[in-house]
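Down below is the structure, laid out as structure tokens.
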Protein chains: 2
Amino acid sequence: MTLSEKDFNYVQKSIVEVQRSGRSIRKIFAAYYDEDVDIGWEVDAAVDAFEMFSSRWTIEILAALYIAGDRRFNELRTLLRGISSRTLSDKLTTCQEHGLVERVVEEGPPIRVTYRLTTHGRTCGRLLGPLVAYMKTHKELIESE
Amino acid sequence: MTLSEKDFNYVQKSIVEVQRSGRSIRKIFAAYYDEDVDIGWEVDAAVDAFEMFSSRWTIEILAALYIAGDRRFNELRTLLRGISSRTLSDKLTTCQEHGLVERVVEEGPPIRVTYRLTTHGRTCGRLLGPLVAYMKTHKELIESE
DNA sequence: CTTAGGTGCATTTTATACACTAGATACGTA
DNA sequence: TACGTATCTAGTGTATAAAATGCACCTAAG
């Protein structure tokens, strides 16, 4: 089994970039493919990191904006299956404060407000992808017994 | 810049396995390294997937067990910075129901109970790694302005 | 009296339901 | 043409429900 030339070039280029960034090829493949690997984090760092995501809705807002692209307030409300507008409003505010989301106002009337991921927000969204993909193929994890 | 022989062998082996699994090399690199990429998910799938993680503490429990390995009840309580035992107990129950965690009883006395990630749990933990690593290097996202 | 692994219960925090607002245009009709 | 009503967007206010916390307490053996 061999790589297509296109894939080969892509892989070669990526490997060079990854090396330049100081990350280990082995760790990157291992983390993605099949092995548990020490990727240099500690429980404390994880608890810190997830403090913001484990507050209900933050992670869903991020995913919705990442997948669906920039959206307006009521569009988000629909995407998130009817989260209350009160809560959506509050959560969007804290997402802005955390630098994940920016609020773009188009003067009206009617005034329209578009929510957009910042660069950080997009990165976080991207990093969540593999987990969503995994969960999607293992619905037994979602529908509790 | 070239790969060491060890890395080269590892990469080659991994690429073959990834190809056999039907996943695209390009997507794997892109998702890991620097690009936004359509990895075939929809908002609905993401909202489903995160419904369980965005409930407070679930994701932290997963991360703690993944990073620190099997732990007993009170060890988890400490790792999670003093979550109330009431809540930890409830959350561990729902994690078991979702098939992320298993409860291993060593008959006492004193009775000892060890919590351990299932295979699914370990996979989810692994997939969260890159996000934690990213957050760790971008603390400005955690400490809101 | 200690240790491990919890449960019970009152209080506090967080989310929901649902009514309601502003500011401007659009529509119906006398 | 003028008048009233209806609609749209992006929220806010407030009462209620759900979830997390703090702290006391339980069991069972050494």
Side-chain angles (χ1 to χ4, degrees), chain A residues 46-48 50-65 68-98 100-117 142 144, chain B residues 46-48 50-65 68-98 100-117 142 144:
Chain A
V47 173
D48 280 342
F50 292 132
E51 200 172 321
M52 62 182 288
F53 289 120
S54 80
S55 132
R56 209 154 163 183
W57 292 118
T58 310
I59 208 167
E60 281 99 330
I61 288 171
L62 191 72
L65 288 174
D70 304 351
R71 293 286 144 167
R72 293 207 302 277
F73 188 83
N74 283 323
E75 290 178 318
L76 275 174
R77 230 161 96 62
T78 308
L79 283 173
L80 298 174
R81 305 222 191 100
I83 176 180
S84 70
S85 50
R86 168 86 271 175
T87 306
L88 179 56
S89 174
D90 293 347
K91 288 291 164 184
L92 283 170
T93 302
T94 69
C95 283
Q96 283 171 256
E97 288 169 355
H98 282 293
L100 295 174
V101 166
E102 62 184 326
R103 189 170 180 275
V104 183
V105 180
E106 301 158 48
E107 290 304 339
I111 196 174
R112 279 158 200 275
V113 180
T114 300
Y115 290 91
R116 169 176 301 165
L117 291 183
I142 296 170
S144 97
Chain B
V47 172
D48 279 343
F50 292 132
E51 202 172 319
M52 62 182 288
F53 289 120
S54 79
S55 131
R56 208 154 162 183
W57 292 117
T58 310
I59 209 168
E60 281 99 329
I61 288 171
L62 192 72
L65 288 175
D70 305 350
R71 294 285 144 166
R72 293 208 303 277
F73 188 84
N74 283 323
E75 290 178 317
L76 276 174
R77 229 161 96 62
T78 307
L79 283 172
L80 298 174
R81 304 223 191 100
I83 177 180
S84 71
S85 51
R86 168 85 270 175
T87 306
L88 179 56
S89 173
D90 293 348
K91 288 292 164 183
L92 283 170
T93 302
T94 69
C95 282
Q96 283 171 255
E97 287 169 356
H98 282 294
L100 294 174
V101 166
E102 61 184 325
R103 189 170 181 275
V104 183
V105 180
E106 300 158 50
E107 289 305 339
I111 196 174
R112 281 160 200 274
V113 180
T114 300
Y115 290 91
R116 167 176 303 165
L117 291 182
I142 296 170
S144 97

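Per chain, numbering begins at 1; letters A, B, ... match sequence-line order. The basis for the numbers below is simple: all heavy atoms, side chains too, and nothing from hydrogens, waters or symmetry mates.
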> With the sugar-phosphate defined as primed atoms, P, OP1 and OP2, and the base as all remaining atoms, what B/S/- string results for nucleotides 7-14 of chain D, 5' to 3', for protein heavy atoms under 4.0 Å?
Replying inline: --SBBBBB
>> Within the supplied structure, the quantity of interest is the number of heavy atoms (other residues, nucleotides, ligands) at a distance under 6.0 Å from B:Glu102 CD; does it exceed 12?
In response: yes
Taking [atom1] from [X] and [atom2] from [N], how many angstroms apart are they, rounded to a whole number?
{"X": "B:Leu88", "N": "C:dG5", "atom1": "CG", "atom2": "P", "value": "11 Å"}
{"X": "A:Glu106", "N": "C:dA24", "atom1": "CD", "atom2": "P", "value": "17 Å"}
{"X": "A:Trp57", "N": "D:dA18", "atom1": "CH2", "atom2": "P", "value": "16 Å"}
{"X": "B:Arg77", "N": "D:dC23", "atom1": "CZ", "atom2": "C1'", "value": "11 Å"}

>> Counting the atoms with a prime plus P, OP1 and OP2 as sugar-phosphate, which does B:Ile83 contact under 4.0 Å by heavy atoms, base, sugar-phosphate, or nothing?
In response: sugar-phosphate
Distance, nearest 0.5 Å, that separates [atom1] of [X] from [atom2] of [Y]:
{"X": "A:Glu60", "Y": "B:Asp48", "atom1": "CD", "atom2": "CG", "answer": "9.5 Å"}
{"X": "A:Leu100", "Y": "A:Leu65", "atom1": "CG", "atom2": "CG", "answer": "10.0 Å"}
{"X": "A:Leu79", "Y": "A:Asn74", "atom1": "CG", "atom2": "CG", "answer": "11.0 Å"}

>> Tell me the closest heavy-atom pair linking A:Thr114 and A:Glu106, and the distance in Å.
In response: OG1-OE2, 3.0 Å
>> If you compare every side-chain N and O of B:Thr87 against the phosphate oxygens of D:dT21 (OP1, OP2), does one of them come in below 4.0 Å?
In response: yes
> Given C:dT14, is OP1 or OP2 found less than 4.0 Å from the side-chain N or O atoms of A:Lys91?
Replying inline: no
>> Run the side chain to side chain donor-acceptor pair (under 3.5 Å) test against B:Ser89 and tell me which residues pass, sequence neighbours left out.
In response: none
